[in-house]
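Each chain gets a letter, A, B and so on, in the order its sequence line appears, and its residues count up from 1.
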Amino acid sequence: MNSPKMRPIAAAIDLPGMERSILDFWRTNSIFEASTQAREGAQPWTFYEGPPTANGMPGTHHIEARVFKDVFPRYQTMKGKYVTRKAGWDCHGLPVEIAVEKELGFTGKGDIEKYGIAAFNDKCRESVTRHVDAFTTMTNRMGFWVDFDQAYWTMAPEYVESVWWSLKEIWKKGLLVQDHRVAPYCPRCGTGLSDHELAQGYETVTDPSVYVRFPVTSGELADLGAALLVWTTTPWTLVSNTAVAVHPDVDYAVAEVVVEENREVLVVAEALLSALSGEVKVLKVIKGRDLERVTYKRPLDLIEIPDSHFIVLATYVTTEDGTGLVHQSPAFGADDLAVCRGYGLPVVNPIAPDGKFLADVPLVGGVFFKEADKTLVKELKSRGVLYKHQPFEHPYPHCWRCHTALIYYAQPSWYIRTTSIKDELIRENNKTNWHPETIKTGRYGDWLNNNIDWALSRNRFWGTPLPIWRCEDKHEVCVDSLAELGALAGQELSNLDPHRPFVDDITFPCAQCSKEMNRVPEVIDCWYDSGAMPFAQWGYPHKPGSVEKFKAAYPADFICEAIDQTRGWFYTLMTIGTLVFDQSSYKSVLCLGHILDKDGRKMSKHLGNVLEPISLMDQHGADAVRWYMLAAGSPWSARRVGHDAISDVVRKTLLTYWNTISFHTLYAEASGFELSQSPALKDRSMMDKWIISELNALIQEVDKSYSEFDSQNAGKALARFIDDLSNWYVRRSRRRFWDGDTAALATLHECLVSLTQLLSPMVPFITEHVWQELVKVADPSVAASVHLTDFPIADPSRINLELNAQVAMTRRVVELGRSARAESAIKIRQPLQRALISANGWSTLPTDMKEQIADELNVIDLADIADADGDLVDISVKANFKSLGAKFGKEVQDIAKAIAATDPTELVKGLRKSGSAKVGTWEIDLADLVVTEVPKSGWMVASHDGESVALDLALTPELIETGNVREVIRFIQERRKSDGFEISDRIKVRWNAEQSVLSAISSAKAHISDEVLALEFERDETIATSDNELGIEVVLKKA
RNA sequence: GGGCCCAUAGCUCAGCCUGGUUAGAGCGCUUCCCUGAUAAGGAAGAGGUCGGUGGUUCAAGUCCACCUGGGCCCA
């Protein structure tokens, strides 16, 4: 075999610049397409892309989810799976409408109707397209491989038709129905909000909280002149006050209150008497149930409310806060509505859909409901019914997009009866593989257990139209396609845009009563659109071929989004799957924590702490950002992102990897190494076998971590290996690389090839660059891209755990020795005669490793401390609390004292002889002690965890001379470099030095010449000596 | 108001499940060493009442309760 020579790679690298050229390479050679095509016919591994809403520019938090969505599909592809990655865009919904309204300067629905629905929806479509471009750019730049050409768009006619089909399936089961309910409603947007939308909009606000007197007008309380004391934080609802609710089982106090000689009688829950101030005397206690139907005079009489204004009973009333008497306004509270219906009370609503009081209401007609509070509180005061008024801070729901305060409002709405499939949802959730696991039974499980019906409809414009047509007599038809609609209407409609207003224009006679059928006006929640993507992305079941495609890719093996999607996409995806196919749409879900700014705050436009993703990647490189997201901290905890944290990644991990590559190519090229020269593993050194052993253990670890979606652990293992490789294997083997040792070069090459593959899902750019510049150069027969290779397979027979442990010990001993040397203030360049070692397993440590320690510490002889003279060693002992505590419990403190009082040398000697010994009255063995052996004075010692290294600091003239020679070599090497010689250049050296070291240098001439590649090495007395330690000065010439 | 998660060095985080007496790593800082991977590598030092209070225990960063602060979710 004639394998090619390698070429050197410069150590300096411009990461972002390199990434741009890799992007070109991928595009030009269609590498992404090739990576999936190569697996066609293999077992599929299905990934669903949760479509981003294209209503704004992408932020750094979008990178986070997209990194995770990229790394596992890349890994599974390398494992031989067929992983298609279809991009998607969430096009509909209020967010898009809001953005367009802002651009057009609109303030409400009226403006849109004036402008025209068709024109408005065109603007929405255009806005979506524009923002999709920005997402595409960001996605490409970060190296997220996803197929944009096949992307699904939720506004595409075939997508809408597929959604219609699924709605009809649900409608046929009787689970899609219209109902009236009090629900949160945004008066600005003119639409009800679903519960998962509601969840996103709570804001803490300060409202006026008022305590209001409702004078009693019947029974004995009226005779006492008592007033009910009612507390509310929504004074505007007092206009439509209909009743007052009390809890049947709560005790209510009739209290006489005297403040500055003013006397009055008030009724409050006994537990909440503290709401009253002044001198309070309880006249009487009455059970709530005995107050039923007691009448009162309402505080405001601005509108007509017939046959009402008495006390009703309700079990939802609490004595947590307020007064225990709750004012009832059935149009504005779900509980109120239910209670008042029970008493046959009227539902009176003085507020128009735009959130303003009806024009004919006195005092507040035409005023926005929240704005009316001030006027109404003033009015209450002037009427003398205001008892107390104080600001109250509490969370209040706001519209998640426009931040307008929501109003709970009785309105007709279409619902999906998700409560009727609750058991099925819980069953499907139990089968789901959640990461982290706690979500399954925690947050998400709780949500399912408390499931409520899905409020599906929206009174808006830009959304999937609800495909239900209805006649005056409320006969209903649900259509599943344009074809069905065309058949009903007797028209060819296959090219109709299935959006408003075009579908609204289609009418046909009712099959039952022949009256005209019109579409209901609502569009649907856009969360339904995205939850329908498993089938709608294929246009299922109408589009030819969609049935096969859907079946091959359902359910998903993997989806991944941030934690806020528990009630969003994770829910709608599972729910629609269960409703339509009786099976959840996904098997595994990775639920990410949020990205925070460097101070731990949420990134948001209005805080101005958003990191712009493209510039972040252009500054540090996409690989660095990716590695940070994947490996720094836990994927499921919230994490802080800042420039410093990301540049650390570059320095610590990526550049160390890169430097190792560069080092390898430098020497492979210099020695003319070819892969065909690689010796068999059995013929390689212990160091080689060790790093190969570590490599195979690494492959196992990384493979397992990726398969469990644990990128953090994969990253940790990879970073540790990079450090082992660079800072121990290469460092210790440097001499062999200079000598062109083929075993070392082959070993390093093999490690780098596998390492590059293992890293490639996480950092696809730099690994591709290495593949092209190193791997492919050394062996042109390999795959055209690292991303077209198979994932490395570990060879367990090459894993040698004993060897790994021995190297680990070697490194610990070296670390101790270095510490001792640093302490001794003798330069490492100066050799020492002897070091004594104390460590478990020292006697069986291979000679190779002992030699490495000697070399690393620059010591001539190493010996076991046990072999040294007995007097050389001091023994000290400490109580081992863990073992003693288990045996003796609370006596440990006394035993520890007794041990401390015993002569340690005698104690250990005795224990070693007989296995047990008595300390005080207690029988202990060797395991109950922590024994430390250190050499006596005159030595420099470092110890840790029972291992020690002791250095003999005595210097002989021979040792000093050897040290000086080494100094000369180092000096010349440095000069070679500063003079710009190539590492393989041969040189001529002329030198001069101080008198005292002349003979030493001359006698080491051969050795020095060899080390510095000198063909000539001659003293030249005309050269002036310098003022360094040896006075040495040299002049180098290329030979 | 309720649920879940989090709080350890100036910064980013391990350790906690399974309690053990000098609490670790990386970055940053100071000093020193080494040097043909050199914008690297090594050693030492400064820096911690392990958020607070109480409890369990011979022993608590670790287990329990409460509190404070932050995040997410629910109302």
Side-chain angles (χ1 to χ4, degrees), chain A residues 11-12 195-196 198-200 202 318 320-321 394-397 436 438-439 441-447 450 562-564 566-567 591 593-594 596 598-602 628 632-634 636-642 644-645 647-649 651-653 655-656 658-667 670 712 716 719 723 726-728 730-731 734 737-738 814-829 856 858 878-886 888-896 930 942 944 969-970 972-978 981-985 1011-1013:
Chain A
D195 295 279
H196 35 264
L198 182 68
Q200 300 177 46
Y202 273 84
T318 70
E320 296 277 308
D321 46 26
H394 66 142
Y396 190 85
T438 51
I439 308 273
T441 51
R443 187 178 291 196
Y444 191 76
D446 286 346
W447 161 249
N450 299 312
I563 184 134
D564 51 272
T566 23
R567 319 282 156 124
C591 192
H594 276 134
L596 307 174
K598 64 179 170 37
D599 301 318
R601 289 173 310 176
K602 200 174 161 169
Y628 181 80
S634 166
W636 27 80
S637 333
R639 277 169 305 150
R640 300 179 184 197
V641 179
D644 295 349
S647 60
D648 271 3
V649 166
R651 245 202 346 271
K652 271 314 281 182
T653 310
L655 286 185
T656 308
W658 183 252
N659 274 327
T660 310
I661 303 285
S662 167
F663 175 89
H664 174 57
T665 55
L666 191 63
Y667 289 99
Q712 183 189 19
K716 215 191 261 179
D723 187 67
S726 163
N727 289 328
W728 193 250
V730 169
R731 197 178 125 76
R734 226 177 266 170
F737 289 104
W738 300 343
V814 166
E815 206 173 295
L816 285 172
R818 280 201 285 241
S819 169
R821 284 216 65 137
E823 193 84 359
S824 74
I826 297 175
K827 291 190 175 187
I828 293 185
R829 215 180 294 142
E856 196 71 21
N858 200 13
K878 251 185 355 185
N880 179 351
F881 282 90
K882 191 161 190 170
S883 117
L884 286 171
F888 301 109
K890 50 176 71 178
E891 293 172 296
V892 285
Q893 301 300 350
D894 295 330
I895 303 175
V930 178
H944 184 77
I969 293 169
R970 187 196 65 81
I972 298 173
Q973 298 287 37
E974 208 160 76
R975 183 60 59 84
R976 275 187 63 117
K977 196 164 49 161
S978 62
F981 289 99
E982 294 298 317
I983 58 161
S984 53
D985 285 343
E1011 285 291 314
V1012 303
L1013 304 182

Self-check item: Donor-acceptor pair, side chain of A/Gln973 and main chain of A/Glu1011, under 3.5 angstrom
Solution: yes
Quiz item: Donor-acceptor pair, A/Thr665 side chain versus A/Ser662 backbone, under 3.5 Å?
Solution: yes
Practice problem: Record whether the side chain of A/Thr656 comes under 3.5 Å of the base of B/rA40 through a donor-acceptor pair of N or O atoms. | Solution: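 Counting by modelled atom types and ignoring angles, no donor-acceptor contact under 3.5 Å is found here.
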Please give the distance between the [atom1] atoms of [N] and [M] as a whole number of Å.
N: B/rG54; M: B/rG42; atom1: C1'; result: 47 Å
N: B/rG28; M: B/rC66; atom1: C1'; result: 38 Å
N: B/rG48; M: B/rG10; atom1: P; result: 6 Å
N: B/rC16; M: B/rA60; atom1: C1'; result: 11 Å
N: B/rC73; M: B/rA9; atom1: C1'; result: 32 Å
N: B/rG41; M: B/rG26; atom1: P; result: 11 Å
N: B/rU62; M: B/rU56; atom1: P; result: 15 Å
N: B/rU22; M: B/rA7; atom1: P; result: 24 Å

Could you check how far [atom1] of [X] sits from [atom2] of [N], rounded to whole Å?
X: A/His664; N: B/rA37; atom1: NE2; atom2: P; answer: 15 Å
X: A/Trp658; N: B/rA40; atom1: CH2; atom2: C1'; answer: 16 Å
X: A/Phe663; N: B/rA37; atom1: CZ; atom2: P; answer: 6 Å
X: A/Leu884; N: B/rU57; atom1: CG; atom2: P; answer: 21 Å
X: A/Ile969; N: B/rC34; atom1: CD1; atom2: C1'; answer: 15 Å
X: A/Asn880; N: B/rU22; atom1: CG; atom2: C1'; answer: 15 Å
X: A/Arg734; N: B/rG42; atom1: CZ; atom2: P; answer: 11 Å

Quiz item: Under 4.0 Å: is that the gap between some side-chain N or O of A/Arg970 and OP1 or OP2 of B/rC34?
Solution: no
Quiz item: Do A/Val730 and A/Tyr667 come within less than 4.5 Å of each other through their side chains, counting heavy atoms only?
Solution: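 In short, these two side chains do not touch, never coming nearer than 4.5 Å.
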Quiz item: Can you tell if the side chain of A/Leu1013 reaches within under 4.5 Å of the side chain of A/Asp985, non-hydrogen atoms only?
Solution: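 The answer is no, as the side chains (C-beta and beyond) never meet within the 4.5 Å cut-off.
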Applying the Watson-Crick and G-U wobble criteria at under 3.5 Å, what pairs with [N]? Answer none if nothing qualifies.
N: B/rA14; result: none
N: B/rA9; result: none
N: B/rC63; result: B/rG55
N: B/rC4; result: B/rG71
N: B/rA23; result: none

Quiz item: Across the strands shown, which category fits A/Tyr667 at heavy-atom distances under 4.0 angstrom: base, sugar-phosphate, nothing?
Solution: sugar-phosphate
Quiz item: When we call it a touch if two heavy atoms are under 4.0 Å apart, what does A/Phe981 touch: a base, just sugar-phosphate, or nothing?
Solution: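 The residue A/Phe981 makes base contact.
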Quiz item: More 5' along RNA chain B: A/Trp728 or A/Ser883, using each one's nearest nucleotide?
Solution: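 Counting from the 5' end, the first nearest nucleotide belongs to A/Ser883.
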Exercise. Name the residue closer to the 5' end of RNA chain B, choosing between A/Lys882 and A/Thr660 according to the nucleotide with the nearest heavy atom.
Key: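 Nearer the 5' end of the strand: A/Lys882.
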Practice problem: To the nearest 0.5 Å, tell me how far A/Leu655 CG sits from A/Thr660 OG1. | Solution: 10.5 Å
Exercise. Measure the spacing between CZ of A/Arg975 and CD1 of A/Ile972 and express it to the nearest 0.5 Å.
Key: 9.5 Å
Exercise. Kindly assign one of parallel, tilted or perpendicular to the pair A/Phe663 and A/Phe737, based on the angle between their ring planes and the thresholds 30° and 60°.
Key: perpendicular
With the criterion being N/O to N/O and under 3.5 Å, what pairs connect the protein with nucleotides 58-61 of chain B, and how long is each?
residue: B/rC58; atom: OP1; partner: A/Lys890; partner atom: NZ; Å: 3.1
residue: B/rC58; atom: O2'; partner: A/Gln893; partner atom: NE2; Å: 3.4

Exercise. Of all the heavy-atom pairs spanning A/Leu884 and A/Ala879, show the shortest one and how long it is.
Key: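 Taking A/Leu884 first and A/Ala879 second, the nearest heavy atoms are CD1-CB, 3.7 Å.
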